[in-house]
Amino acid sequence: MIDLEKNLLTTILLGVCGFCGLMIILFGGWYWLTDVRYIAKSDEGPLVFADVKTPDRGLSALADYALIIEKPVFFPDRQLPEIDLGGSEALADEETIPVVEEPVEPLRAAVAGIIITPEEKIAMVTDEVANKVVILREGMRLTGEQSAWRLEEILDRTTHFVANDGRESTLDLKV
C-alpha cells in the first residue's frame, strides 16, 4: 500500500497521470462521436484548380546534367571537360599576338632591418618610390610601382630581389 502522505512526489505523479488519462478519454470520445452529417456545406461549390503556366527553365533534358553526377564538382580528382572547338588548328596557324612586356624600373629600395627566426625570415624594406617601410617575407612582392620586384631570399645581412624580366638585385642591410 502506498502512503500518500509521506510520498508527495508519488501523489503528484498519480494526479498528473489521472488527469492525462481523463483528457485522452474525453478527446477520444469527442473525436469518435463527431458526426460529419451535421457539418454545414459550403455555398461556393466544388473546388476548381487553376492551370498555372510555369516558365520554361530549360531543365527538361536531365541527361545534359549527367556529367555532374558522374564527376561531382567538389572532389580533387575532378577534371574540366575537354571541349573541341573545331577551329583550334586555324587559330594555331594564324599569327600569335606578341606580349609586350613593360620595362622594369631599377629597384629603388633599402633594407632597414632583417629578422631571422627558426620559423620564418622577415625583411623590413624601405620603398623609396612610395616613401614607406614594407615588411616582406621570402616570396612576397613590393607594392605599388615596384610590384615587379619579388624578394627571393633573405640572408643574414643581405636580401636578394628578382624582377619579372629576370633581372636580379642584392640589397645590403644599412647599419
Side-chain angles (χ1 to χ4, degrees), residues 8-9 12-13 16 20 23 27 42 44 46-175:
L8 181 63
L9 181 62
I12 293 172
L13 288 176
V16 169
C20 289
M23 289 292 117
F27 284 119
S42 174
E44 296 176 7
L47 293 176
V48 178
F49 294 105
D51 187 23
V52 178
K53 303 282 185 194
T54 58
D56 182 25
R57 293 194 170 100
L59 299 177
S60 59
L62 291 178
D64 296 343
Y65 300 98
L67 183 64
I68 295 173
I69 296 170
E70 292 171 5
K71 294 182 179 180
V73 179
F74 298 107
F75 287 106
D77 60 346
R78 167 114 172 126
Q79 299 295 322
L80 292 174
E82 295 179 14
I83 300 172
D84 184 23
L85 298 176
S88 60
E89 293 84 17
L91 291 176
D93 294 338
E94 294 178 6
E95 295 180 21
T96 58
I97 300 172
V99 177
V100 179
E101 292 186 17
E102 295 182 17
V104 178
E105 296 289 326
L107 180 62
R108 294 193 301 163
V111 179
I114 295 177
I115 300 172
I116 298 177
T117 66
E119 291 83 27
E120 63 185 339
K121 297 178 180 180
I122 300 172
M124 293 181 288
V125 179
T126 304
D127 187 351
E128 295 173 356
V129 174
N131 200 18
K132 65 179 182 178
V133 176
V134 182
I135 298 174
L136 300 174
R137 291 180 178 80
E138 289 180 341
M140 292 178 69
R141 293 188 174 277
L142 286 170
T143 58
E145 294 179 25
Q146 299 198 86
S147 62
W149 290 94
R150 180 175 52 89
L151 179 59
E152 182 72 22
E153 184 179 17
I154 299 174
L155 300 173
D156 291 339
R157 293 190 160 268
T158 61
T159 57
H160 183 71
F161 284 87
V162 177
N164 288 344
D165 61 358
R167 280 194 291 164
E168 297 179 3
S169 179
T170 302
L171 298 177
D172 294 324
L173 176 66
K174 292 185 178 179
V175 181

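Excluded from the calculations below are hydrogen atoms, water molecules and symmetry mates; all remaining heavy atoms, backbone and side chain alike, are included.
- Take Thr158 and apply the side chain to side chain contact (heavy atoms under 4.5 Å, CB included) test, not counting sequence neighbours, and it matches Leu155, Thr170, Asp172.
- Listed by chain and residue number, Glu152 satisfy the salt bridge (charged side-chain N to carboxylate O under 4.0 Å, His left out) test with Arg150 (two or more places apart in sequence, or in another chain).
- Note that the CZ atom of Arg108 and the CD atom of Glu145 stand 7.5 Å from one another [nearest 0.5 Å].
- Here the side chains of Arg167 and Trp149 are in contact, with some heavy-atom distance below 4.5 Å.
- Within the 4.5 Å cutoff, side-chain heavy atoms of Ile116 are placed close to those of Asp156.
- By the side chain to side chain contact (heavy atoms under 4.5 Å, CB included) test, Ala148 pairs with Val104, Asn164, sequence neighbours left out.
- Residues forming a salt bridge (charged side-chain N to carboxylate O under 4.0 Å, His left out) with Glu120 (at least two apart in sequence, or on another chain): Arg137.
- Note that the CD1 atom of Ile114 and the NZ atom of Lys121 stand 10.0 Å from one another [nearest 0.5 Å].
- Remark: Asp51 engages Lys53 in a salt bridge (charged side-chain N to carboxylate O under 4.0 Å, His left out) (not counting sequence neighbours).
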Could you tabulate the donor-acceptor pairs under 3.5 Å formed by side-chain atoms of residues 126-136, not counting sequence neighbours?
residue, atom, partner, partner atom, Å
Asp127, OD1, Val129, N, 3.2
Asp127, OD1, Gln146, NE2, 2.4

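- By the side chain to side chain contact (heavy atoms under 4.5 Å, CB included) test, Ala109 pairs with Leu107, Val125, Leu171, sequence neighbours left out.
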#### Entry: Chi angles and distances behind the side-chain contact (heavy atoms from CB on, under 4.5 Å) call for Met140, Leu151
CA-CA 6 Å; Met140 292 178 69; Leu151 179 59; 5.6 Å; no
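- Looking at residues two or more places apart in sequence or on another chain, you find no side chain to side chain donor-acceptor pair (under 3.5 Å) involving Arg157.
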